[in-house]
There are 2 protein chains.
Amino acid sequence: MSESEALAPVRPGARKPPATIYDIARATGVSPSTVSRALNKPGRLKEATERRIRDAADQLGYRINPMARALPTGKTGTLALLVSDITNPVYFDVVRGAERIATARGLTLVFAESQESPELELATAQRLQTSVDGLFLVASRLTDDQIVELSSVKPLIVANRLVPGVTAVVPDPRPGISAALDRLHEFGHHRIAYLSGPDASWMNGVRWRTLFTYAVERGMSIVEIPSTTPTREGGAEALQRVLAADVSAVFAYNDLVALGLLRAARDQGVDVPRQLSIVGFDDIFGADLPTPALSTIKSPLREMGEAGMHRLLVEIDGIDEEHAPSLPTRYIDRESVADRR
Amino acid sequence: MSESEALAPVRPGARKPPATIYDIARATGVSPSTVSRALNKPGRLKEATERRIRDAADQLGYRINPMARALPTGKTGTLALLVSDITNPVYFDVVRGAERIATARGLTLVFAESQESPELELATAQRLQTSVDGLFLVASRLTDDQIVELSSVKPLIVANRLVPGVTAVVPDPRPGISAALDRLHEFGHHRIAYLSGPDASWMNGVRWRTLFTYAVERGMSIVEIPSTTPTREGGAEALQRVLAADVSAVFAYNDLVALGLLRAARDQGVDVPRQLSIVGFDDIFGADLPTPALSTIKSPLREMGEAGMHRLLVEIDGIDEEHAPSLPTRYIDRESVADRR
DNA sequence: CTGAAAGCGCTTACAG
DNA sequence: CTGAAAGCGCTTACAG
């Protein structure tokens with residue numbers, strides 16, 4: 001069972017070429033155009049002919065060649081979703097939501113990742129663009145100009161970001177942040193920090209500004225502490241600086257960072273939440289796993305995926321079917337925030 | 001900032017049709033065939049002509065249409081990776097590994113998921129097959145016959161499964177299981193259980209049989225306890241039955257199940273690992289998050305992704321470049337296994 | 001070194 | 001209701 005192979009695989013030469021509409025035409029004695037019609041516009045042919053053609057198609061195991069169809073029509077029937085890192089748990093529910101809509105519409109959704117590289121993202125987007133009907137950019141690392149340029153060639157939407165002139169779907173950070181701050185305030189926290197994310201991240205800016213405004217409104221002090229990378233390692237590295245800031249609670253740019261911070265605290269004997277309360281963003285897979293379980297501000301990821309796809313389809317088909325839903329964040333109160341009263 | 005849209009998006013009508021080789025031909029005064037050569041077979045044209053053509057291509061923002069190219073050549077330059085659930089952390093490193101190889105080869109890797117549905121998996125595989133050069137099935141839910149059938153139309157490989165006549169890449173569960181069992185034995189465990197996964201999972205069968213053989217060899221008693229679903233919920237649900245089995249340690253089908261079990265134990269005041277030791281499989285993201293951190297048997301996921309892609313490329317190009325590496329699992333000793341001596 | 005021509009598998013006006 | 005023809009954007013023998 002350590003063998004990677006059982007019998008010899010099919011020899012390349014052995015593969016039979018797939019059936020085409022010409023094969024079906026020959027088998028049924030009609031013209032290729034008629035076959036095309038029978039398969040694509042049911043009801044436009046004589047009942048019997050259509051039946052005969054469909055049967056022959058089944059018989060021959062006919063499968064339409066989407067690329068051949070795309071050439072004359074310009075429609076590929078596939079959509080692409082581009083993420084920076086397909087293994088980032090933050091994207092999960094966005095992907096699920098998008099997937100659901102695409103499947104319901106009979107469209108193929110294809111994923112690609114840019115591995116956090118703007119160059120690779122641009123290259124991938126450009127290459128994909130010629131073979132799909134539309135692009136869905138989640139957390140793009142491109143510049144506004146690059147995105148606008150891409151959107152001038154084919155329908156495109158972005159999530160988690162606002163680009164002038166481009167359709168976007170972004171969560172509203174205010175309800176979640178507001179609720180979290182209320183909780184901290186009620187629990188007697190007065191000095192808080194924001195362990196920030198990458199400068200290039202649009203969401204990072206929004207989170208920080210919202211946090212800042214709302215904290216000040218509530219009479220709390222707030223300070224921004226930069227983190228090196230938006231990962232668990234980045235969070236762990238920042239612990240000493242967070243501790244040195246003399247705050248009772250810290251918001252982390254995302255759950256990955258918060259989780260790293262939490263683990264470093266545990267490893268170094270810092271009591272969370274008694275000594276330091278921690279709040280993350282996103283509610284990724286695993287946020288509820290540690291002890292204490294991480295309190296976090298959740299974005300409506302799945303709804304974002306669905307809304308994004310809907311709006312992309314609107315851009316493609318022109319049919320304006322529904323209004324953009326509001327996408328409020330929500331505070332999830334778990335165990336990493338302490339009552340100091 | 002709760003607005004989903006800033007300015008009006010590009011109107012569909014406003015999009016300029018992409019440049020073709022005909023446009024370049026017209027701009028440079030050569031024939032389309034020459035343009036094609038200039039762009040694809042560098043060095044086959046007069047230096048100056050080639051330069052001129054390349055410049056014009058850049059100028060016009062020319063991007064080759066992969067579907068148009070695929071028609072005459074039969075090569076699309078893209079490969080598809082199909083998983084049952086793209087948000088399952090188990091696939092992460094497989095995906096990363098595959099991605100790395102594809103990118104290095106200048107190929108586009110595209111992902112699709114079957115949402116755990118065999119019907120959807122088959123439909124997706126068939127549809128994708130006509131637009132890619134090869135298919136990589138990770139943890140397929142199809143029957144052997146269906147997979148063999150698919151592999152007769154285009155190059156295809158499977159991971160985490162053995163299908164007669166189909167190239168496969170599977171981890172060797174023995175080193176990891178053997179090491180884990182040695183550890184348990186050394187720690188004084190004599191009665192163990194296996195909380196099993198889906199019957200349809202090939203890996204589940206392999207894990208159980210290996211566990212069984214090796215446990216018996218070591219004089220340990222072992223019992224199989226079925227779990228309802230291979231998820232955290234499934235693991236949580238099984239806790240009472242595991243407890244009732246009167247064992248000191250349990251192996252779970254995968255980390256998701258193990259994590260569910262661990263959490264249920266914590267919630268119900270069962271002391272892990274003192275009262276019950278738990279070992280998972282896979283070492284997914286988050287396995288090290290809980291207290292106690294989960295001990296688990298790790299598959300060389302990334303290597304599997306890489307090896308799989310390599311073998312797929314071999315099937316496609318016929319070039320036999322390297323031998324199948326052995327893919328041993330490894331036991332990761334964390335905190336969920338207790339010393340009972 | 002370069003061009004004209006045929007062909008890849010489909011669709012869709014245009015006729016009949 | 002159905003067929004012949006042209007065309008989608010490329011590639012590649014085949015000539016020259």
Side-chain angles (χ1 to χ4, degrees), chain A residues 15-54 56-57 60-78 126-127 129-133 153-154, chain B residues 15-54 56-57 60-78 126-127 129-133 153-154:
Chain A
R15 279 181 243 282
K16 43 179 186 212
T20 71
I21 57 170
Y22 294 94
D23 298 323
I24 302 176
R26 203 171 311 120
T28 51
V30 299
S31 77
S33 352
T34 302
V35 174
S36 174
R37 284 190 202 97
L39 268 20
N40 296 309
K41 336 242 179 197
R44 306 249 277 124
L45 264 58
K46 210 186 344 177
E47 177 74 43
T49 325
E50 190 177 320
R51 243 298 39 88
R52 210 149 43 87
I53 294 175
R54 290 195 173 289
L60 295 170
Y62 174 74
R63 215 87 61 195
I64 195 170
N65 182 329
M67 325 197 83
R69 162 184 278 174
L71 222 36
T73 64
K75 290 288 178 192
T76 66
T78 116
Q126 289 175 335
R127 189 164 30 166
Q129 236 177 0
T130 47
S131 16
V132 301
D133 296 338
V153 357
K154 274 212 181 151
Chain B
R15 279 181 242 283
K16 46 182 184 211
T20 70
I21 57 169
Y22 295 94
D23 297 323
I24 302 176
R26 205 170 310 121
T28 51
V30 300
S31 77
S33 350
T34 302
V35 174
S36 175
R37 285 191 200 95
L39 268 20
N40 296 310
K41 335 242 178 198
R44 305 248 277 124
L45 265 57
K46 213 193 329 180
E47 178 74 42
T49 325
E50 190 177 320
R51 245 290 49 82
R52 210 150 41 87
I53 293 175
R54 289 194 173 290
L60 294 169
Y62 175 74
R63 214 87 62 196
I64 195 169
N65 181 330
M67 325 197 83
R69 162 184 275 174
L71 222 35
T73 63
K75 291 287 179 194
T76 65
T78 116
Q126 289 175 335
R127 190 165 29 169
Q129 236 176 1
T130 46
S131 16
V132 301
D133 296 338
V153 357
K154 271 209 182 154

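Computed from a predicted structure; not experimentally measured. The sequence lines fix the lettering, A, B, ..., with proteins before strands; numbering per chain opens at 1.
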query: Under 3.5 Å, is there a donor-acceptor pair between the side chain of B:R52 and the main chain of B:T28?
result: yes

- prompt: Can you tell me how far CD1 of A:I64 sits from CZ of A:R69, rounded to the nearest 0.5 angstrom?
  reply: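 CD1 of A:I64 is found 3.0 Å from CZ of A:R69.
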
query: Expressed in whole Å, how much space separates the P atoms belonging to D:dT2 and D:dA6?
result: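 Nearest-Å result for D:dT2 against D:dA6 at atom P: 23 Å.
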
Of all the heavy-atom pairs spanning [X] and [Y], show the shortest one and how long it is.
X     : Y     : value
A:M67 : B:P66 : CE-O, 4.5 Å
B:P18 : B:D23 : O-OD2, 4.2 Å
A:A57 : A:I24 : CB-CD1, 3.7 Å
A:I21 : A:Y62 : CG2-OH, 3.5 Å

task: Could you encode protein contacts along nucleotides 9-16 of chain C as a string, one character per nucleotide from 5' to 3', using B for base contact, S for sugar-phosphate-only contact and - for no contact, with a heavy-atom cut-off of under 4.0 Å?
output: BBBBB---

task: Answer yes or no: is there an ion pair linking A:R54 with A:E50, defined by an N-O contact shorter than 4.0 Å?
output: yes

field: First encountered from the 5' end of DNA chain C, between B:A70 and B:V30
entry: B:V30

- request: Taking atom NZ of A:K46 as the centre, report whether more than 12 heavy atoms of other residues, nucleotides or ligands fall under 6.0 Å from it.
  value: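 Counting other residues, nucleotides and ligands, NZ of A:K46 stays at 12 neighbours or fewer.
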
query: Using Watson-Crick and G-U wobble pairs with both distances under 3.5 Å, what is the 5'-to-3' dot-bracket string of DNA chain D, with [ ] for crossing pairs and | for pairs outside the strand?
result: |||.||||||||.|||

